[in-house]
Amino acid sequence: MTELLEGTVAKAQYGAEDIQVLEGLEAVRLRPGMYIGSTDERGLHHLVYEIVDNAVDEAMAGYCDKVTITIQADGSMKIEDNGRGVPVEKHAVTGVSTVETVFTKLHAGGKFGSGSYQVSGGLHGVGASVVNFLSEWLWVEVKRDGSRYRQEFQRGRPAAPLAQVGKSSVRGTIVGFMPDDQIFSTCTFEFDTLAQRFKEMAYLNPGLEIDLKSDLENKRVKYKFEGGIKEMVGELNHGRETLHDVITITKSSGTTQVALAMQYTTNVREEAPAFVNCIATIEGGTHVTGFRAALTRALNDYARKQKLVKDDQNNFQGEDVREGLTSVLSVKMIDPQFEGQTKGKLGNAEIKPVVESIVAEQLTIYLEDHPTDAKRIVERASLAQKAREAARKARELVIRKNALDGNGLPGKLADCSEKDPEKSEIFIVEGESAGGSAKMGRDRSFQAILPLKGKILNVEKVLYPQGRQKVEMNGGNGNGDGSKLAYQAEKTRLEKLLSHEEIRVLITAIGAGFGEDFDEKKLRYHRVIIMTDADVDGSHIRTLLLNFFFHNMPALIRKGYLYIAQPPLYRIGQGRNVRYVYTEGQMEAEMKKMEGKRGVSLQRYKGLGEMNPDQLWETTLDPSQRTLLQVNMRDVADMLDHDDREDRDDDEDWEDAVQLVAAEFDRLMGAEVAPRKSFIMEYAKSVRNLDV
């Protein structure tokens, strides 16, 4: 049975005339997201990347050593390279010049087996034409065979045929375009966003000069790195304590070229950007899988062969050998198969064994030739392994001790009758008084109420008693006691965390465990709603709860299961007419409207406990009328420079967002007082409606 949206009526007849066929220009303009991922800032910058990718393809083929990108004074973009220049002769299939063909026909390019490019980043042959179709205007100049040619386009359509406009003693291609404001929500190019992308490109193409400048902002940067990805690893590890010199591997297998640079540090985090044909594969792919498998196998084999680990010691896991590793993997190959036009993930199955074989072989040779470095690397992995196992044992011990098995629900929880988590929600309420009103006002069938007494622990200080940057889980003093220290540190933190009754109650009520043992399948509610008073104490409790969930149940945030209720701050009445308002500004605006009217009453709710059950239901609990704020990382993700991502909720974007949020929690809620004091002094004059 076909269901129709409410208010729509289906045509009785459905025939061939109802089928639309969109080709080329119309298809791209109607569904631009299919080709560039989005029509926001990310999609806008993707236009630039598509044209620059074509220039970089020329560089990878050995015909170009300089690309100049200019944000012009009128906001348009100009990209110039000194490659071979787009062919200008009439194309046998289209009957128009090859330049016009490239810029007006989808899937037209030199990357489909003609032999013009052994490797290329512009896979699908749609880059130039899509940029043209999504631009208000575009022009292209080609310098080739002693002549200069030019053609102009208006919203994808040729304004005139390609024409010879002069002579030229050099070669290359220049493309200028103005993004169409009918398509994009913003048409402003960000210099720093482009700079980050092109710096990566310069690292990945040793000897290629990329010159980026902005006539709008009077900015300019030039990138050229003879050392390639080895220099890139050096920059990523700037300021970090490293264990050895950068290891570099470069080898070809058939038509596939594999380049790897890697270096271990004392940091806990792994940093491992990967690229295919100079395209950042943000979501990884088969090449990354091959590298990881090779790394784990090579280190395990070497450690066993050299007796650097005990016979009864387990093999290293992937997370053990990647902890503290900074690496850059660059693969260049023919016909890469990416997922989506924005090329976030490599899918070629045949690449995994190629990368795995090359990396395992070359890394083994390096380890055997550099025994001192090899020993440091194996000890680093061994320490990570011991710390991981120690932390797991500590969690198991503490959890068993505190009986957080979910078998017994806390007595203060007023549960709902619904057993399906997708249909159930729990309100975490501040105080017994508010909890009483909420219990009486709720819908018992699907709404559970958990009142908490007072403020929970500041989890930031519990987890990082000396500050986030000073905690070294895998520390030690060189005497092999790193795992013992990790065990004690983890055990102490968990015991302190779980000794707090309100936290134990919270974990038990939600039912899915916490930390690394969090099991989403055991969640008892798919809407966890924080409901606190609209005062300073309520804001503090809400912040402490958010900090707790961020550290211990991040899946709630990532899945979109965590919410903040919005109870009203004021009740404005006039006879039987009642309005609830949620901010001081709304209250002032409403009261101004009611000036001079009789019988107007104003009530400020100091706490949820002051609201009658029916008022709480009407304003805050009733799904048909309430407002809930969903807690997510979208705003944080928008601050990042990953503008070629099709999906902001991928693993890499999530990890980067987590790092930003973690740093902010550390600054404002951590053990160090100075950053917090600095924040208060900086923003003190901006405070409004201070409740003291």
*Charged tip of R29 within 45° of F133 ring normal and under 6.0 Å*: no

*asked:* Do S253 and I358 have side chains that approach each other closer than 4.5 Å (heavy atoms only, starting at C-beta)?
replied: yes

*Which atom pair, heavy atoms only, marks the closest approach of M333 to N277?*
N-OD1, 2.8 Å

*Begin from the C-alpha positions of E209 and V67 and carry the test side-chain contact (heavy atoms from CB on, under 4.5 Å) through to its verdict.*
CA-CA 6 Å; E209 180 180 314; V67 182; over 6 Å; no

*Run the numbers on F198 and V48 for side-chain contact (heavy atoms from CB on, under 4.5 Å), then give the verdict.*
CA-CA 11 Å; F198 298 141; V48 187; 3.9 Å; yes

*Taking the six-membered ring of W137, is the NZ or CZ of R155 close enough (under 6.0 Å from the centre) and on axis enough (within 45°)?*
no

*Of the non-hydrogen atoms in A55 and C64, which two are nearest, and what is the gap between them?*
O-SG, 4.0 Å

*Is a side-chain donor-acceptor pair under 3.5 Å present for T39 with S185?*
no

_Looking at every non-hydrogen atom in both residues, tell me the closest pair between F446 and R527 and how far apart they are._
CD1-NH2, 4.4 Å

_Would the distance check show the side chain of T286 and the main-chain N or O of A349 forming a donor-acceptor pair, the cut-off being under 3.5 Å?_
no

*Would you find a donor on one side and an acceptor on the other, under 3.5 Å apart, between the side chain of N132 and the backbone of F103?*
yes

*Minimum heavy-atom separation for A280 to E200, with atom names?*
CB-OE1, 4.3 Å

*Is the backbone N or O of L204 less than 3.5 Å from a side-chain atom of S330, with the two atoms forming a donor-acceptor pair by type?*
no

*Rounded distance (nearest 0.5 Å) linking atom OH of Y563 with atom CZ of R626*: 9.0 Å

*Intermediate values then yes/no, side-chain contact (heavy atoms from CB on, under 4.5 Å), H45 and E190*: CA-CA 8 Å; H45 289 85; E190 294 293 333; 3.6 Å; yes

*Apply side chain to side chain donor-acceptor pair (under 3.5 Å) to E100 and T104, showing your working.*
CA-CA 6 Å; E100 183 173 330; T104 59; 4.8 Å; no

*Is T70 reaching over with its side chain to a backbone N or O of Q72, donor-acceptor style, under 3.5 angstrom?*
no

*Answer yes or no: are there more than 12 heavy-atom neighbours, outside K230 itself, under 6.0 Å from its atom NZ?*
no

*asked:* Could you tell me if T326 and N237 have a donor-acceptor pair between their side chains, going purely by distance under 3.5 Å?
replied: yes

*Going through the distances and angles, do M201 and Y203 end up as a side-chain contact (heavy atoms from CB on, under 4.5 Å)?*
CA-CA 5 Å; M201 283 187 172; Y203 276 125; over 6 Å; no

*So, the side chain of S327 versus the backbone of A261: is there a donor-acceptor pair under 3.5 Å, distance only?*
no

*Measure the spacing between CG of N82 and CZ of R171 and express it to the nearest 0.5 Å.*
7.0 Å

*Does a side chain donor of either S147 or D145 reach within less than 3.5 Å of an acceptor in the other side chain?*
no

*asked:* What I'd like to find out is whether the side chain of V28 reaches to under 4.5 Å of the side chain of L106, using heavy atoms alone.
replied: yes

*Got more than 12 heavy atoms from elsewhere within 6.0 Å of NZ, K219?*
yes

*Do side-chain atoms of T281 reach the backbone of A274 as a donor and acceptor pair under 3.5 angstrom?*
yes

_Beyond-backbone contact of F338 with V276, side-chain heavy atoms, under 4.5 angstrom_ = yes

*Is any side-chain heavy atom of R197 closer than 4.5 Å to a side-chain heavy atom of V52?*
no

*Got a donor-acceptor contact below 3.5 angstrom from the S357 side chain to the P353 backbone?*
no

*asked:* Side chains of Y223 and D211, heavy atoms from C-beta outward: is any pair under 4.5 Å?
replied: no

*Hey, is R157 close enough to E136 for a salt bridge, meaning N to O under 4.0 Å?*
no

*Hey, does E50 have a side-chain heavy atom less than 4.5 Å from the side chain of V131?*
yes

*To the nearest 0.5 Å, what is the distance between CZ (F191) and CG (L212)?*
4.0 Å

*Any side-chain heavy atom of K78 sitting closer than 4.5 Å to one from I174?*
yes

*asked:* Distance alone, cut at 3.5 Å: any donor-acceptor contact between the side chains of S252 and Q257?
replied: no

*Calculate, to the nearest 0.5 Å, the distance between atoms CD1 and CD1 belonging to I51 and I79 respectively.*
6.0 Å

*Nearest 0.5 Å, what's the SG-OH distance between C278 and Y49?*
14.5 Å

*salt bridge (charged side-chain N to carboxylate O under 4.0 Å, His left out) assessment of E231 paired with K199*: CA-CA 11 Å; E231 286 190 53; K199 189 175 186 179; over 6 Å; no

_Flag for S424-H526: side-chain donor and acceptor within less than 3.5 Å_ = no

*Would E350 and K352 satisfy salt bridge (charged side-chain N to carboxylate O under 4.0 Å, His left out), going step by step from the backbone distance to the final call?*
CA-CA 6 Å; E350 72 277 8; K352 177 185 178 296; over 6 Å; no

*Report the distance from atom NZ of K213 to atom CG of D215, rounding to the nearest 0.5 Å.*
6.5 Å

_Where Y561 and E520 come nearest, the two heavy atoms and their spacing_ = OH-OE2, 3.7 Å

*Which heavy-atom pair separates P158 from Q151 by the least distance, and what is that distance?*
CB-NE2, 3.8 Å

*Is the number of heavy atoms from other residues, nucleotides or ligands under 6.0 Å of N218 CG greater than 12?*
no

*Please step through salt bridge (charged side-chain N to carboxylate O under 4.0 Å, His left out) for the pair K66 and D81, ending with a clear verdict.*
CA-CA 6 Å; K66 185 174 182 179; D81 69 66; over 6 Å; no

*Does Q630 reach the main-chain N or O of G560 with its side chain, forming a donor-acceptor pair under 3.5 Å?*
yes

*Would a 4.5 Å heavy-atom cut-off, applied to side chains only, mark D192 and L194 as touching?*
no

